[in-house]
Student: 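Attaching a single structure in structure tokens format; questions to follow.
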Amino acid sequence: MKIAVLMSTFNGHEYLYEQLYSIVNQEVESENIQIEVYIRDDGSTDGTIALIKKVSTEYQNIHLTNSFENIGVKMSFFKLVQEINADFYFLSDQDDIWEKNKVQSFLDIFNNKKKNNEPFGAYSDMWIADEKGKSTGKLLKHGTSKEPLNTEYVEFDELMFSNKVTGSSFAFDKLARNQIQSLPENIIQQSAMHDEIFAMVIAAKGKLFYISEPLTYYRQHKKNVLGYSGIQRLSIKDKLSKLKIVIAGDMKLMNDIEATTQLFCTSQTNNLHQLFAAKTILSQYQFLKAAIQKANSRHRIQLMVLYLFILKKWNGNHKYYD
């Protein structure tokens with residue numbers, strides 16, 4: 001069984017060795033499990049490439065691709081998904097640390113929860129770690145990412161209302177990879193983030209599973225691209241200021257969901273496909289209400305008002321992919 005760990009690096013020299021060490025020293029139950037790390041550097045100007053080359057002489061299962069053009073993190077990961085052939089795929093950041101049992105825990109889920117004939121993906125909770133990679137005692141689900149509220153499986157509709165899947169905690173099988181690599185490049189380039197749209201594809205075509213156990217130390221430092229929002233107590237003024245950012249982000253997220261419903265028309269996507277096709281606000285209300293109920297939101301009225309406003313703004317601005 002071949003496990004491909006896909007990593008895109010960019011000026012990550014400072015923390016990279018510790019992450020690679022945690023991956024190549026995973027504890028798995030079978031000698032037949034082959035873990036291979038594939039790294040695509042996205043135009044680093046520090047010592048990242050030199051470090052990877054040095055470490056790859058120490059560990060023969062670490063591979064550096066021959067492409068070093070700066071194409072951005074989304075396209076960098078997409079290229080790796082397209083080029084690497086394996087049984088299972090794990091996405092990895094360059095600065096985190098994996099628990100020793102992470103790969104085996106995911107494999108146990110794959111063996112017990114997936115069906116042979118449908119794409120399958122899983123993601124786990126993560127420890128929030130400080131700059132030294134030590135746990136702060138906080139979990140990701142208490143901040144940036146929310147655990148699913150209904151079942152172990154994430155409904156497609158739920159992905160419309162919050163960012164649940166962080167790439168560094170995400171893995172999927174070959175059937176899912178085959179669906180993901182069929183996405184047009186312009187959709188990847190214009191997406192909110194690669195991990196979000198990968199998760200949408202899997203939820204649309206198969207099953208997306210949530211693992212409540214934290215299996216990664218999500219290192220926070222000044223160079224984080226996104227990072228952890230934490231549990232913040234905001235004033236009304238700050239909340240109103242942040243609302244503009246939320247609306248802009250959700251409009252981009254709606255682009256991704258609308259594109260996914262067009263490309264992968266399944267029973268999972270049917271409700272949101274009808275939502276985007278609706279011509280009147282009353283019709284939009286009908287399908288949006290069903291989506292919010294499926295997501296089992298604790299704040300249904302607030303979500304309803306917010307998303308009706310975002311939909312109106314999104315439609316008015318003609319926010320579609322080129």
Student: Say you draw a straight line from CE of Met75 to CG of Leu80; how long is it, rounded to the nearest 0.5 Å?
Tutor: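 It comes to 10.5 Å.
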Student: If you measure from OG on Ser168 to CG on Asp96, what distance do you get to the nearest 0.5 Å?
Tutor: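 Spacing of OG (Ser168) from CG (Asp96) equals 4.5 Å.
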Student: Take Ser76 and Ser8 through the side chain to side chain donor-acceptor pair (under 3.5 Å) test and state the conclusion after the steps.
Tutor: CA-CA 6 Å; Ser76 191; Ser8 177; 2.7 Å; yes
Student: Are Phe264 and Leu183 packed together at the side-chain level, in the sense that at least one heavy-atom pair is separated by less than 4.5 angstrom?
Tutor: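 Phe264 vs Leu183: side chains touch.
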Student: Contact between Phe287 and Asn270 at the side-chain level, heavy atoms closer than 4.5 Å - yes or no?
Tutor: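 Phe287 does not reach Asn270 side chain to side chain.
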Student: Is the shortest side-chain heavy-atom distance between Glu36 and Gln60 below 4.5 Å?
Tutor: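 No. Closest side-chain heavy atoms not under 4.5 Å.
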Student: We want to know whether Gln286 and Gln284 form a side-chain donor-acceptor pair, criterion being a heavy-atom distance below 3.5 angstrom.
Tutor: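 There is no such pair between these side chains.
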Student: In Å and rounded to the nearest 0.5 Å, what is the CD to CD distance from Gln104 to Glu29?
Tutor: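 It comes to 3.5 Å.
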Student: Could you pull out the closest heavy-atom pair between Leu272 and Ala291, with the gap in Å?
Tutor: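 Reported closest heavy-atom pair: CD2-CB, 3.8 Å.
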Student: Under 6.0 Å from the OH atom of Tyr285, do we count more than 12 heavy atoms belonging to anything else shown?
Tutor: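 It does not: Tyr285 OH has 12 such atoms or fewer within range.
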Student: Should Arg219 and Glu18 be marked as a salt bridge (Lys or Arg N to Asp or Glu O under 4.0 Å) after you check the CA-CA gap, both sets of side-chain angles, and the distance that decides it?
Tutor: CA-CA 11 Å; Arg219 193 195 301 262; Glu18 193 171 10; 2.9 Å; yes
Student: Going by distance alone, is a donor N or O of one side chain under 3.5 Å from an acceptor N or O of the other, for Lys2 and Asn85?
Tutor: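 No.
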Student: Under the side-chain contact (heavy atoms from CB on, under 4.5 Å) rule, what do Leu288 and Leu303 come out as? Steps first, then yes or no, please.
Tutor: CA-CA 9 Å; Leu288 184 59; Leu303 269 182; over 6 Å; no
Student: Determine whether the side chains of Thr280 and Ser283 contain a donor N or O and an acceptor N or O closer than 3.5 Å.
Tutor: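 The criterion, which ignores hydrogens and geometry beyond distance, is satisfied for Ser283 and Thr280.
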Student: For a quick check under 3.5 Å, do Glu258 and Thr261 share a side-chain donor-acceptor pair by atom type?
Tutor: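 Note: Glu258 and Thr261 side chains miss the donor-acceptor criterion.
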Student: Locate the shortest heavy-atom distance separating Lys102 from Leu215; write the atom from each residue and the value.
Tutor: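 Here Lys102 and Leu215 meet closest at CD-O, 3.6 Å.
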Student: Could you report the tightest heavy-atom contact between Leu139 and Ile128, atom names first, then the distance?
Tutor: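 Nearest pair, atom of Leu139 first, then Ile128: C-CG1, 4.0 Å.
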Student: Please name the pair of heavy atoms, one in Ile187 and one in Ala259, separated by the smallest distance, quoted to 0.1 Å.
Tutor: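 Heavy atoms only, the tightest pair is CD1-CB, 4.0 Å.
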Student: Could you tell me if Trp314 and Asn255 have a donor-acceptor pair between their side chains, going purely by distance under 3.5 Å?
Tutor: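 On atom types as modelled, these side chains qualify, holding a pair under 3.5 Å.
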Student: How long is the gap from CD on Glu131 to CD on Glu14, to the nearest 0.5 Å?
Tutor: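 The distance works out to 6.0 Å.
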Student: For residues Ile3 and Asp87, determine if any side-chain heavy atom of one lies less than 4.5 Å from a side-chain heavy atom of the other.
Tutor: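 A side-chain contact under 4.5 Å is absent here.
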Student: What I want to check is whether the side chains of Thr9 and Asp41 have a donor and an acceptor closer together than 3.5 Å.
Tutor: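 There is such a pair (donor and acceptor under 3.5 Å, judged by atom type) between the side chains of Thr9 and Asp41.
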Student: Which heavy atom of Gln190 sits nearest to which heavy atom of Lys252, and what is that distance?
Tutor: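 Scanning both residues, the minimum pair turns out to be O-CE, 3.4 Å.
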Student: To the nearest 0.5 Å, what is the distance between CD (Gln181) and CD (Glu83)?
Tutor: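 Reported to 0.5 Å precision, the distance equals 10.5 Å.
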Student: Do Phe156 and Leu208 have side chains that approach each other closer than 4.5 Å (heavy atoms only, starting at C-beta)?
Tutor: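 Contact flag for Phe156/Leu208 side chains = no.
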Student: Hey, mind stepping through Glu118 and Lys205 against salt bridge (Lys or Arg N to Asp or Glu O under 4.0 Å) and telling me if it holds?
Tutor: CA-CA 7 Å; Glu118 64 181 7; Lys205 293 292 289 184; over 6 Å; no
Student: Give me the atom names and distance for the closest heavy-atom approach of Ile109 to Ile211.
Tutor: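 Between these two residues, the closest heavy atoms are CG1-CD1, 3.8 Å.
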Student: Is Ile292 close to Met304 at the side-chain level, that is, under 4.5 Å between some pair of heavy atoms?
Tutor: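 A side-chain contact exists here, since the closest heavy-atom pair is under 4.5 Å.
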Student: Taking the side chain from Lys141 and the backbone from Asp125, do they hold a donor-acceptor pair closer than 3.5 Å?
Tutor: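 Absent.
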Student: Hey, what do you get for OH (Tyr15) to CD (Gln94), rounding to the nearest 0.5 Å?
Tutor: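 Between atom OH of Tyr15 and atom CD of Gln94 there are 10.5 Å.
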Student: Report the C-alpha separation of Tyr307 and Asp250 in whole Å, then their side-chain angles, then the decisive distance to 0.1 Å, and conclude whether the side chain to side chain donor-acceptor pair (under 3.5 Å) test is met.
Tutor: CA-CA 9 Å; Tyr307 271 83; Asp250 282 359; 2.8 Å; yes
Student: Are the side chains of Ile49 and Phe68 in touch, meaning some heavy atoms are under 4.5 Å apart?
Tutor: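 Side-chain contact under 4.5 Å: yes.
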Student: Within a strict 4.5 Å, meaning less than it, do heavy atoms of the Val201 and Gln179 side chains meet?
Tutor: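 Of all side-chain heavy-atom pairs linking Gln179 with Val201, at least one is under 4.5 Å.
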Student: Might you work through the salt bridge (Lys or Arg N to Asp or Glu O under 4.0 Å) test for Glu185 and Lys79, ending with a clear yes or no?
Tutor: CA-CA 10 Å; Glu185 286 194 359; Lys79 291 294 185 185; 2.9 Å; yes
Student: Centre-to-centre under 6.0 Å for Tyr153 and Phe209, is that the case here?
Tutor: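 Ring centroids of Tyr153 and Phe209 are less than 6.0 Å from each other.
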Student: Quick one: which of Phe106, Tyr38, Phe77, Phe172 gives a ring pair (Phe, Tyr, Trp, His ring centres under 6.0 Å) with Phe90?
Tutor: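 Testing each of Phe106, Tyr38, Phe77, Phe172 against Phe90, the sole residue satisfying ring pair (Phe, Tyr, Trp, His ring centres under 6.0 Å) is Phe106.
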